[in-house]
Engineer: 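Take this structure first; my questions come after.
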Protein chains: 2
Amino acid sequence: MDKGSRSPAMTDVARLAGVSHQTVSRVLNDHPNVKEQTRIRVRAAIAELGYRPNRAARALVTGRSQLIGVVARNSTLFGPATMLSEFEQAAADAGFAVSVGSVHELDRSSISAVVDRHLDQRVAGLVVIANTASATEALAEIPGDLPVVFIDGDPDSGRPLVTVDQVAGARAATRHLLDAGHETVWHVSGPTDWFDSAGRIQGWRQTLEEAGAEVPPLLSADWSAAEGYRTGQMLARMPEVTAIFTANDHLALGILRALHERGRRVPHDVSVVGFDDVPEAAYFIPPLTTVRQAFGDVARAALSLLLGQMRDENGTANQIVVPPQLIVRESAPRRV
Amino acid sequence: MDKGSRSPAMTDVARLAGVSHQTVSRVLNDHPNVKEQTRIRVRAAIAELGYRPNRAARALVTGRSQLIGVVARNSTLFGPATMLSEFEQAAADAGFAVSVGSVHELDRSSISAVVDRHLDQRVAGLVVIANTASATEALAEIPGDLPVVFIDGDPDSGRPLVTVDQVAGARAATRHLLDAGHETVWHVSGPTDWFDSAGRIQGWRQTLEEAGAEVPPLLSADWSAAEGYRTGQMLARMPEVTAIFTANDHLALGILRALHERGRRVPHDVSVVGFDDVPEAAYFIPPLTTVRQAFGDVARAALSLLLGQMRDENGTANQIVVPPQLIVRESAPRRV
DNA sequence: TTCAGAAATGTTATCGATAACATCCGCTTT
DNA sequence: AAAGCGGATGTTATCGATAACATTTCTGAA
């Protein structure tokens, strides 16, 4: 309440409660051997002084902070941005602050630099949104004793990982289009070095093969509406293309526009399915059928894996896969 | 290089260089009174050991960390997300880490909680993305000696502030539509308690009044495509509506779809101008004329104000206004 | 009643940096 | 040649917490 003076330290609390600072520390850290009555007295003193522990001091002596570092590609893409936001929220609820470290590219030296910065800050754990193979490689240097969780990383790395089941999502999308009567499905993928892209390609291809459908050539792009548009201009000229599955909603937006310009009606002539379910997807022309990823669930799962590692030393490398959900709208209805 | 052992401390460097740890500290902090030769010797020792200072220890003794706290609404909206990402990048270049603190609502108690968390971490400064009036009010509790910069906050608060010139952006958009021959311009605003919204409303209204045009009733919405769509359904039924200026691109997207459904052609029957220039705006149907905000410039300006405050105590409350830019595309061409 | 052992609490050392002050050295100045 | 001075460096105290060990107090069994 009193602004002017310096914020109270543990010894101030101790003096007021008539105990030693060590006892205050024990109360703060929920040590068992403190008499209930003392505990109450100390808590009262803490409340009265408005005391809050100095994290820097704690970090110095324990070598660990209440800070979780996040390594992410510098990006305003819907997926990563949402993931970061959700993770921060979950971490805050658990009493952790989150320090972001963006990188332009997920190459070795950029990642090293960011990881170093996080180690400087003595982060208690690290979350790596490692959506490309190059990122996974670059992480050899993370000290073994630092808890780390990967999001969208390499499933075969054996490290703790949380990911959306991209293969299942792609299968659902492809299956949906086949079931609607299309002979085959074209796929516009994201950059092929992203794990997300790879999983979606795999699910798409598998589903076509299992159905005995012809597998058209793979078209790959970046994640932008611009490339979706360019690719769409080509696809729009090919009358045999009646169903397109794109690796994200922005690509789909570009494709919708290209189809529209060429006079190919969606879904009458061509059906389109996206991926992500960005909030605007329901307002595309026409509303987009897409695959929703539960980013919030992913973020919370990642946090719980991380906290688990911080508690037990024997962090069994756990992997969590979150299922996606197909959202059917007009761009690809059940039946054309 | 040697992973196994604990990371070296200042005394290790001192021993290797044959000086005292204080001299090492002086070299690290660029103090003037160190002989060049000694400086070189110490730098060599630092490099050899791969020494990097312990931020926690430094924070403890100085009471300040190399950490900048950001308070933002928990949001994946394009503006705030981009701003955060850009700011983090700029801060990293200046050697600062960024700790995010999201809040669901910018009300007093949520903000207090986040600010408290940041104070716990002994942040060196605070950036508040305070786009509503309620946020500004809630910030009384920030200690006066802590450097703070507001982004998109209250221009009349007198506190250091960086903002995009919303009024100018709205004027350019409205002017553009009037110049194209429209008798008046309708406006779909964002939530009226956002400063951004208020500035855009003001610019729109001023421009109409100056041109002697009738000012239609203000339509206000949230920032979503969903509400844009609902509002658009109404506007599409009114034949006198020929020009619409929306407070962001997602609203415009919803409106485009509503117009499309009602058979009103854009731009032939109705012209539409958005705000933000999200990357997909160029691929809407039709491509969207909009107002681009230079978020990167805003972020860098905010950082430099903050660093300025950290250096001099006499932080003159400076305000920086970044101009926006009209991007003309098909949804509202120069001439219909 | 006494004593062992556990529970409760206190004392002192420590983490790794910066701040404040002390010292040493070489040079100018008189 | 002695005093004075400032540049270069070293010594010691300090920030605020936890760890390790020491001590006191309580409890229950012999």
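All figures in this text were calculated on a predicted structure; none of them were measured in a lab. Letters go in sequence order (proteins before strands), and every chain restarts at 1. As a basis for the values below, the full set of heavy atoms in this structure was taken, side chains included, without hydrogen atoms, waters or symmetry mates.
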Engineer: Take atom CG of A/D12 and atom C1' of D/dG16, then tell me their distance rounded to the nearest Å.
Structural biologist: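 After rounding, the reported distance stands at 10 Å.
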Engineer: B/R26: which residues meet the side chain to side chain contact (heavy atoms under 4.5 Å, CB included) condition with it, sequence neighbours left out?
Structural biologist: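 For B/R26 the side chain to side chain contact (heavy atoms under 4.5 Å, CB included) partners, ignoring immediate neighbours, are B/Q22, B/T23, B/H31, B/V34.
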Engineer: Check the distance between C/dT18's C1' and B/R55's CZ and give it to me in whole angstrom.
Structural biologist: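 Whole-Å distance recorded here is 15 Å.
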Engineer: Could you state the atom-to-atom distance from NE2 of B/H31 to C1' of C/dA19 in whole Å?
Structural biologist: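 Interatomic distance, NE2 of B/H31 to C1' of C/dA19: 9 Å.
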Engineer: Can you find a side-chain donor-acceptor pair between A/Q89 and B/S102 that sits under 3.5 Å?
Structural biologist: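 Distance-only check fails for A/Q89 and B/S102.
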Engineer: Which parts of nucleotides 6-13 of chain C does protein reach within less than 4.0 Å, heavy atoms only, written one letter per nucleotide 5' to 3' as B for base, S for sugar-phosphate only and - for none?
Structural biologist: --SBBBB-
Engineer: When the distance from CG of A/L119 to P of C/dG16 is rounded to whole Å, what number comes out?
Structural biologist: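 Distance, rounded to whole Å: 15 Å.
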Engineer: Rounded to the nearest angstrom, tell me the gap between atom CG in B/L49 and atom P in C/dG16.
Structural biologist: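 The answer, rounded to whole Å, is 14 Å.
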Engineer: Applying ring pair (Phe, Tyr, Trp, His ring centres under 6.0 Å), can you list everything that pairs with A/F295, at least two apart in sequence or on another chain?
Structural biologist: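 Listed in chain order: A/F78.
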Engineer: Listed by chain and number, what are the side chain to side chain contact (heavy atoms under 4.5 Å, CB included) partners of A/L16, not counting sequence neighbours?
Structural biologist: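 Once residues adjacent in sequence are excluded, the partners of A/L16 under the side chain to side chain contact (heavy atoms under 4.5 Å, CB included) criterion are A/A45, A/E48, A/L49.
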Engineer: Excluding sequence neighbours, so at least two apart, what forms side chain to side chain donor-acceptor pair (under 3.5 Å) with B/S65?
Structural biologist: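 For B/S65, no residue satisfies side chain to side chain donor-acceptor pair (under 3.5 Å) once neighbours in sequence are set aside.
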Engineer: Have a look at the helix from C/dT1-D/dA30 to C/dT30-D/dA1 and give the angle its two end axes make, five pairs each, rounded to 10 degrees.
Structural biologist: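 It comes to 50° between the two terminal axes.
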Engineer: Without decimals, in angstroms, what is the distance between B/M10 CE and C/dC15 C1'?
Structural biologist: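 Value for this atom pair: 13 Å.
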Engineer: List for me each residue that meets side chain to side chain donor-acceptor pair (under 3.5 Å) alongside A/S112, sequence neighbours excluded, and say none if there are none.
Structural biologist: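 A/S112 satisfies side chain to side chain donor-acceptor pair (under 3.5 Å) with A/E141 only.
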Engineer: Is the phosphate of C/dT18 approached by B/N29 (side-chain N or O, under 4.0 Å from OP1 or OP2)?
Structural biologist: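 Looking at the OP1 and OP2 atoms of C/dT18, one of them is under 4.0 Å from a side-chain N or O of B/N29.
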Engineer: In chain order, what residues pass the side chain to side chain donor-acceptor pair (under 3.5 Å) check against A/D297, with sequence neighbours excluded?
Structural biologist: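 Only A/R300 meet the side chain to side chain donor-acceptor pair (under 3.5 Å) criterion with A/D297.
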Engineer: Below 4.0 angstrom, N of the basic side chain to O of the carboxylate: do B/D30 and B/R43 qualify?
Structural biologist: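 Salt bridge: yes.
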Engineer: In chain order, what residues pass the side chain to side chain donor-acceptor pair (under 3.5 Å) check against A/R52, with sequence neighbours excluded?
Structural biologist: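 If we apply the side chain to side chain donor-acceptor pair (under 3.5 Å) test to A/R52, skipping adjacent residues, the hits are B/D120.
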Engineer: A/L60 CG to D/dT14 P: how many Å, rounded?
Structural biologist: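 Checked: the CG to P distance equals 17 Å.
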Engineer: Using whole Å, what does the distance between atom C1' of nucleotide D/dG16 and atom CG of A/N54 come to?
Structural biologist: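 For the pair A/N54 CG and D/dG16 C1', the rounded distance is 6 Å.
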